[in-house]
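Proteins get letters first, then strands, A, B, ... in listed order; numbering begins at 1 in each.
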Amino acid sequence: MSAPHRPISALAEQVGQTVTLKGWVYNTRYGKGLAFVEVRDGSGIVQVVVSEEEVSAEAWRAAQDATQESALEVVGTVVEDKRQTGGVEVRATDVTLVSLAEPYPITPKEHGVEFLMDRRHLWLRSRRQWAIARVRNRIIMSIHAYFQEDGFIQMDAPILTGNAVEGTSTLFELDYFDEPAYLTQSGQLHGEAMAMAHGKIYTFGPTFRAEKSKTRRHLTEFWMIEPEMAFHDLAMNMEVAEGLLQRIVRDALADCADELEILERDTSALEASTATPYPRLSYSEAVELLTSEKTQEMLRAEEADRQREKAELEEERDANAARYGQAKKGEKRRIDARRIEIDKRLAQIEEDLRNLPRWMESAASFEWGADFGGSDETVLTRHFDRPIIVHRYPAAVKAFYMKRDPEDDRLALGMDVLAPEGYGEIIGGGERATDLEFLREQVEAHGLPESAFDWYFDLRRYGSVPHAGFGLGLERTISWVCGLQHLREAIPFPRLIGRLHP
RNA sequence: GCCUCGGUAGCUCAGUGGUAGAGCAUCCGGCUGUUAACCGGACGGUCGUUGGUUCAAAUCCAACCCGGGGCGCCA
């Protein structure tokens with residue numbers, strides 16, 4: 001039986017004690033008679049110092065052999081050292097190699113997206129991916145806590161379904177004992193049935209969309225949280241959504257400070273989202289803001305900002321290039337690294353400069369009745385420092401089950417929550433129609449097969465009540481909180497068009 | 001489906017018609033405290049594929065394959 005070992009995250013409380021660590025080699029550095037081995041164990045990373053004079057020949061050999069990601073068992077003394085992250089290091093008295101790793105493909109240097117995605121199973125070990133997974137876990141727990149503490153019951157909607165909910169999205173079709181079946185694109189309709197049994201429920205499960213989207217905001221398989229509440233109207237629905245996001249951000253800021261620092265997240269940008277209320281704009285108000293001179297001014301200012309930043313970066317790049325020839329090696333590496341950064345940022349600025357005129361055009365020419373495009377949503381959110389709730393959309397652009405606004409029949413009581421900083425729609429939902437005849441008409445008008453909805457119509461026959469709910473996209477929420485550039489980092493094994501492996 | 005950018009060493013990239021390059025990784029040697037350690041050396045290439053232009057193609061042209069980003073759609 002092997003010795004009991006301690007998690008690295010607990011070492012700070014064990015200064016002066018002898019401990020046993022089990023983990024993997026994250027990085028190594030060597031001096032004469034001295035080896036520095038960074039060990040990670042899933043809970044954290046610590047530097048182990050191995051001195052040739054202080055350990056056996058076998059242990060010294062093991063430290064020399066330890067390639068990146070080799071598995072190790074280390075016995076040593078915890079020593080305070082303020083230079084280290086975590087404030088401690090371990091002075092080894094014994095090192096045993098559990099397994100020697102072959103040359104590891106993911107080095108501590110830069111890698112491209114395709115290379116890393118092909119090795120996603122290994123990439124998960126990297127510090128940044130580790131931090132994202134921990135924030136994901138924190139967010140999941142916050143969601144459960146928020147609902148559980150408020151009397152919601154977690155229930156599961158089926159993943160295999162016989163019909164498309166909204167009739168618009170492209171679904172993954174499969175063969176179900178010679179019948180066509182689909183992977184669910186939403187658990188909402190079943191959620192409504194469960195809410196009529198329990199009052200307040202939420203589902204937490206995978207969702208599938210077969211759209212051939214190639215953007216940083218789309219996955220073909222993602223996780224969605226869908227609360228559904230009986231005796232709730234649109235205003236109450238907004239309060240639930242707002243409270244949920246507030247809880248998620250508060251918990252992440254309170255409990256994931258280290259992770260967000262690893263991710264270099266600007267947490268001050270998240271602070272505003274811990275305070276409610278979040279601004280509520282009706283669709284019509286949003287259209288007014290979108291087409292306003294204020295929006296044009298904001299976008300012009302943004303364009304000028306980009307131009308200025310572009311000029312500054314180009315100047316810095318040229319200055320670096322000029323002194324590159326005489327620079328020493330270490331300096332050259334710094335310049336190279338900085339140039340990669342500058343080039344990346346410049347590419348983004350070029351893209352923004354191409355996009356901004358189109359955004360201005362799209363915003364200015366927007367006409368009441370249309371659905372917002374991605375850029376319109378982004379433009380709207382730039383006026384605010386926290387999520388905004390847009391409600392009462394034209395019925396024509398929303399799903400068949402939405403309740404109409406009693407004060408304006410052109411409108412549906414739907415709502416979208418748009419995250420700040422360009423993260424877009426993270427919540428979509430609304431108040432559901434309660435009238436059987438209205439729903440029948442809508443199903444027909446949308447060209448959907450009435451037979452598929454017989455059970456759904458029953459919910460309006462037997463005790464139909466006002467009710468509402470929404471869907472929260474987990475990965476989009478994680479991306480926002482973590483400040484990610486792409487949704488694919490927010491889930492352990494992302495499924496995208498052209499990506500089913502590993 | 002459309003638009004756009006890209007594919008050069010294991011990795012990240014430079015190389016715009018004239019003998020294929022750098023840093024890192026790997027291996028060897030050096031250095032008692034390193035933080036993407038550093039210093040010296042070695043190893044490492046059908047320049048995505050096919051065809052064309054040319055005395056000569058990584059470089060120019062065409063088609064195709066693969067990937068990034070954007071639009072539409074949406075969480």
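- A:Arg127 comes within 4.0 angstrom of nothing in the nucleic acid, heavy atoms only.
- Relative to the six-membered ring of A:Phe115, A:Arg119 meets both conditions, a distance below 6.0 Å and an angle of at most 45° to the axis.
- In this structure, A:Glu89 reaches the bases: a heavy-atom distance under 4.0 Å links it to at least one base atom across the strands shown.
- Nearest to the side-chain atoms of A:Arg91 among the listed nucleotides B:rU32, B:rG33, B:rG72 stands B:rG33.
- Across B:rG51 and B:rA58, the matching P atoms stand 15 Å from one another, rounded to whole Å.
- A 6.0 Å sphere centred on CD of A:Glu261 holds no more than 12 heavy atoms belonging to other residues, nucleotides or ligands.
- The residues A:Arg217 and A:Glu475 are annotated as not salt-bridged, no charged nitrogen and carboxylate oxygen being separated by less than 4.0 angstrom.
- The residue A:Glu221 sits apart from the nucleic acid: no heavy atom pair falls under 4.0 Å.
- Nucleic acid contact class of A:Arg358 (heavy atoms, under 4.0 Å, all strands): none.
- Across B:rC43 and B:rG10, the matching C1' atoms stand 12 Å from one another, rounded to whole Å.
- You'll find the ring centres of A:Phe372 and A:Tyr283 inside the 6.0 Å limit.
- The side-chain tip of A:Arg120 points at the ring of A:Trp123 from less than 6.0 angstrom away and within 45° of straight on.
- Residue A:Leu100 contributes atom CG, which lies 13 Å from atom C1' of B:rU26 at whole-angstrom precision.
- A 3.5 Å limit on both hydrogen-bonding distances identifies B:rC39 as the Watson-Crick or G-U partner of B:rG29.
- Sequence order on RNA chain B of the closest nucleotides to A:Glu53 and A:Asn27 puts A:Glu53 first from the 5' end.
- With B:rC74, B:rC66, B:rA75 as the candidates, the nucleotide lying closest to the side chain of A:Glu377 is B:rC74.
- Between A:Arg217 and B:rC71, a side-chain N or O to OP1/OP2 separation shorter than 4.0 Å is present.
- Taking the side chain of A:Lys214 as heavy atoms from C-beta on, and the options B:rG70, B:rG33, B:rC73, the nearest nucleotide is B:rG70.
- Atom-to-atom, CG of A:Leu116 to P of B:rA25 comes out at 17 Å; the value is rounded to the nearest Å.
- Residue contacts for A:Ile426: at a heavy-atom cut-off of 4.0 Å it reaches the sugar-phosphate backbone alone, with no base atom in range.
- When the C1' atom is used for both B:rA9 and B:rG15, the distance is 14 Å, rounded to whole Å.
- Each of B:rG70, B:rG33, B:rA75 was ranked by its minimum atom distance to the side chain of A:Arg209; first place goes to B:rA75.
- When the C1' atom is compared between B:rC13 and B:rG7, the two are found 12 Å apart, to the nearest whole Å.
- Across all strands shown, A:Tyr30 has heavy atoms under 4.0 Å from base atoms, whether or not it also approaches the sugar-phosphate.
- Here B:rC2 sits opposite B:rG70 as a Watson-Crick or G-U wobble pair (both hydrogen-bonding atom distances under 3.5 Å).
- Between A:Arg128 and A:Glu489 there is a salt bridge, since at least one side-chain N of the basic residue sits less than 4.0 Å from a carboxylate O of the acidic one.
- Across all strands, A:Gln47 comes closer than 4.0 Å to base atoms (heavy-atom distances).
- Between A:Leu487 atom CG and B:rC73 atom P there is a gap of 18 Å when expressed in whole angstrom units.
- Counting only heavy atoms from C-beta on, A:Phe115 has its side chain closest to B:rU12 among B:rU32, B:rU12, B:rG69.
- Between A:Gln68 atom CD and B:rC24 atom P the separation is 16 Å, expressed in whole Å.
- Using a distance-only test at 3.5 Å, with no hydrogens or angles considered, no donor-acceptor pair links the side chain of A:Glu421 to the main chain of A:Leu270.
- The separation between A:Arg476 atom CZ and B:rA75 atom P is 7 Å, rounded to whole Å.
- Stacking between A:Phe222 and B:rA75 is shown: the ring centroid lies under 5.5 Å from the centre of the six-membered base ring, and the planes differ by under 30°.
- Residue contacts for A:Asp371: at a heavy-atom cut-off of 4.0 Å it reaches the sugar-phosphate backbone alone, with no base atom in range.
- Closest contact between the side chain of A:Ser213 and the listed nucleotides B:rU12, B:rG33, B:rC73 involves B:rC73.
- At a threshold of 4.0 angstrom between heavy atoms, the contacts of A:Leu472 with the nucleic acid are absent.
- Among the atoms of the strands shown, base atoms are found under 4.0 Å from some heavy atom of A:Asp81.
- One P atom belongs to B:rA25, the other to B:rA62, and the distance between them is 41 Å to the nearest Å.
- The side chain of A:Val113 approaches B:rG68 more closely than any other nucleotide in the set B:rG33, B:rG1, B:rG68.
- Residue contacts for A:Gly424: at a heavy-atom cut-off of 4.0 Å it reaches no nucleic acid atom on any strand shown.
- Within the 4.0 Å cut-off from OP1 or OP2 of B:rG69, at least one side-chain nitrogen or oxygen of A:His486 is found.
- Separation of the C1' atoms belonging to B:rC61 and B:rU12 is 30 Å when rounded to the nearest angstrom.
- Rounded to whole Å, the separation between the C1' atoms of B:rU8 and B:rG41 comes to 25 Å.
- Here B:rG67 presents its C1' atom at 14 Å from CZ of A:Arg119, a figure rounded to the nearest Å.
- With rounding to whole Å, A:Met117 atom CE is found 9 Å from B:rG69 atom P.
- A distance of about 28 Å separates the P atoms of B:rG72 and B:rA63, rounded to the whole Å.
- Pairing partner, B:rC13: B:rG21, with both Watson-Crick or wobble hydrogen-bond distances short of 3.5 Å.
- Among the protein residues, A:Leu219 comes within range of the nucleic acid bases, having at least one heavy atom under 4.0 Å from a base atom.
- In this structure a side-chain-to-backbone donor-acceptor pair under 3.5 Å is missing from A:Arg476 to A:Tyr423.
- The partner of B:rU49 is B:rA63, judged by Watson-Crick or G-U wobble contacts that both fall below 3.5 Å.
- No donor-acceptor distance shorter than 3.5 angstrom exists from the side chain of A:His446 to the backbone of A:Leu448, with no hydrogens or angles considered.
- A:Gly33 comes within 4.0 angstrom of nothing in the nucleic acid, heavy atoms only.
- Atom CD1 of A:Ile427 is separated from atom P of B:rC74 by 17 Å (rounded to the nearest Å).
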